[in-house]
Protein chains: 2
Amino acid sequence: MVAAPPTGDQLVMMLAALANPLRLRIMAKLAVRRDYVSSLAREIGVSRPLLRMHLQRLEEAGLIVGTLELSDDGKAMKYFEVTDFDLHLSASALTEAAKSLTSSDPAKGSPRKE
Amino acid sequence: MVAAPPTGDQLVMMLAALANPLRLRIMAKLAVRRDYVSSLAREIGVSRPLLRMHLQRLEEAGLIVGTLELSDDGKAMKYFEVTDFDLHLSASALTEAAKSLTSSDPAKGSPRKE
DNA sequence: TCCATGTGACAGTTTTTTCTTACACATGGA
DNA sequence: TCCATGTGTAAGAAAAAACTGTCACATGGA
């Protein structure tokens, strides 16, 4: 279901996003229930700017999405929630993904359009 | 049935190891067939010391293993091959893995032995 | 008005990764 | 002996990631 196998580049982004203890915790928290930045920062125990950066990285990788909502008392709150991704990593899956890597392939030329 | 689900720390290591285009290529190559360092370096087109570092990272993550063998003409060759891992990444899997993270959990104290 | 709470963004430091450029040792064959 | 091939390691530059501190703006309620 779902997930068209991501391109190599996309895969690298997702893996890089997940390959960090703090972000893994963030994902765990958000998997349980959506939350907004300040609240999440308190709960996890990190500064808001730092959390913000990590959320951004996760969002760029497509693992979470944020929506700006207006609370009852008029405050703007940015809620984040996890998307439903489903990565399967095995040797063959990696071999497949590697084919679509665009970044510097020393074995070939510069990543010309070819 | 292989893989006991890795600990959070172990998972982070594996993800970090895979989250790099060059290492992804290395995995792809080794998945096709085992190879020794110098040969692989030529094939991929990177310097040997650089490749060495990447191989080391992959090995530490348990994704590949290297064995030092003696070729017919007496040269010592270090052959690497992929282990058979099989990671399944989903929101719930991450939630589970996050529980066993030891690294700095700002929400708790310093990672005391408890 | 001031305070508590939410948002966003910037500059600057520290730490980690990535990559380069050496150097050292060993073996078989010309 | 010298060269080509294999191994290992260390020092240092360059680039990217992680983290801190601070400022600005907005709103509702005391």
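We name chains A, B, ... by the order of the sequence lines, and we start the count at 1 in each one. In what follows, every heavy atom counts, from backbone to side chain, and hydrogens, waters and symmetry copies are set aside.
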Trainee: Using whole Å, report how far CG of B/Leu68 lies from P of D/dT9.
Mentor: 11 Å
Trainee: Would you kindly compare A/Asp72 and A/Met53 by the position of their nearest DNA chain D nucleotide and give the one closer to the 5′ end?
Mentor: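 Mapping each residue to its closest nucleotide by heavy atoms, the 5'-most match is A/Met53.
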Trainee: Rounded off to whole Å, could you give me the CG-to-C1' distance for the A/Leu50 and C/dG12 pair?
Mentor: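 The answer, rounded to whole Å, is 15 Å.
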Trainee: Return the 5'-most residue of the pair A/His54, A/Lys75 with respect to DNA chain D, ranking by each residue's nearest nucleotide.
Mentor: A/His54
Trainee: Rounded to whole angstroms, how far apart are CZ on B/Arg52 and P on C/dT17?
Mentor: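 Rounded to whole Å, this separation is 18 Å.
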Trainee: Taking OP1 and OP2 of D/dA17, is either one under 4.0 Å from a side-chain nitrogen or oxygen of A/Arg23?
Mentor: no
Trainee: Expressed as a whole number of angstroms, how long is the span from B/Glu59:CD to D/dG8:C1'?
Mentor: 14 Å
Trainee: Measuring from A/Arg33:CZ to A/Tyr79:OH, what's the distance to the nearest 0.5 Å?
Mentor: 9.0 Å
Trainee: Rounded to the nearest Å, what distance is computed from the CD atom of residue A/Gln56 to the P atom of nucleotide C/dG8?
Mentor: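 In whole Å, C/dG8 P and A/Gln56 CD are 10 Å from each other.
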Trainee: With respect to B/Ile64, which candidate in B/Leu55, B/Thr83, B/Ile26 satisfies the side chain to side chain contact (heavy atoms under 4.5 Å, CB included) definition?
Mentor: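 The side chain to side chain contact (heavy atoms under 4.5 Å, CB included) with B/Ile64 is passed solely by B/Leu55 among B/Leu55, B/Thr83, B/Ile26.
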Trainee: Side-chain N or O of A/Tyr36 versus OP1/OP2 of C/dT7: is the shortest distance under 4.0 Å?
Mentor: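 The answer is no; no side-chain N or O of A/Tyr36 sits under 4.0 Å from OP1 or OP2.
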Trainee: Please report the interatomic distance NZ(A/Lys78) to OG(A/Ser39), rounded to the nearest 0.5 Å.
Mentor: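 Going from the NZ atom of A/Lys78 to the OG atom of A/Ser39 covers 15.5 Å.
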Trainee: Whether A/Ser71 contacts C/dG6 is assessed here as follows: a side-chain N or O lying under 4.0 Å from the phosphate OP1 or OP2. Is that the case?
Mentor: no
Trainee: Would you indicate, yes or no, if D/dA18 has its OP1 or OP2 atom less than 4.0 angstrom from a side-chain nitrogen or oxygen of A/Arg57?
Mentor: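 Looking at the OP1 and OP2 atoms of D/dA18, one of them is under 4.0 Å from a side-chain N or O of A/Arg57.
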Trainee: Quick one: does B/Ile44's side chain get under 4.5 Å of B/His54's, heavy atoms only?
Mentor: no
Trainee: Return the nucleotide paired to C/dA30: Watson-Crick means purine N1 to pyrimidine N3 with N6-O4 or O6-N4, wobble means G-U with N1-O2 and O6-N3, both under 3.5 Å.
Mentor: D/dT1
Trainee: Let me know the distance between CG of A/Asn20 and C1' of D/dC19, rounded to the nearest Å.
Mentor: 11 Å
Trainee: Please confirm whether the shortest side-chain N or O distance from B/Lys78 to OP1 or OP2 of D/dG8 is below 4.0 Å.
Mentor: yes
Trainee: Is there a side-chain contact between A/Asn20 and B/Val12, using heavy atoms and a 4.5 Å cut-off?
Mentor: no
Trainee: Nearest whole angstrom, please: distance from the C1' of C/dG6 to the CG of A/Leu40.
Mentor: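 Nearest whole value for this atom pair: 14 Å.
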Trainee: Looking at B/Arg42, I'd like to know whether one of its side-chain N or O atoms comes within less than 4.0 Å of OP1 or OP2 on D/dG6.
Mentor: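 The answer is yes; a side-chain N or O of B/Arg42 sits under 4.0 Å from OP1 or OP2.
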Trainee: Rounded to the Å, how far apart are B/Leu55 CG and D/dT7 P?
Mentor: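 From B/Leu55 CG to D/dT7 P: 10 Å.
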Trainee: Counting distance alone, no hydrogens or angles: does the base of C/dT7 have a donor or acceptor under 3.5 Å from a partner atom on the side chain of A/Arg48?
Mentor: yes
Trainee: With both distances under 3.5 angstrom, what nucleotide forms a Watson-Crick or G-U wobble pair with C/dC10?
Mentor: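 Paired with C/dC10, as far as the under-3.5 Å criterion goes, is D/dG21.
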Trainee: Less than 4.0 angstrom between a side-chain N/O of A/Ser38 and OP1 or OP2 of C/dT7, yes or no?
Mentor: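 For C/dT7, OP1 or OP2 has a side-chain N or O of A/Ser38 closer than 4.0 Å.
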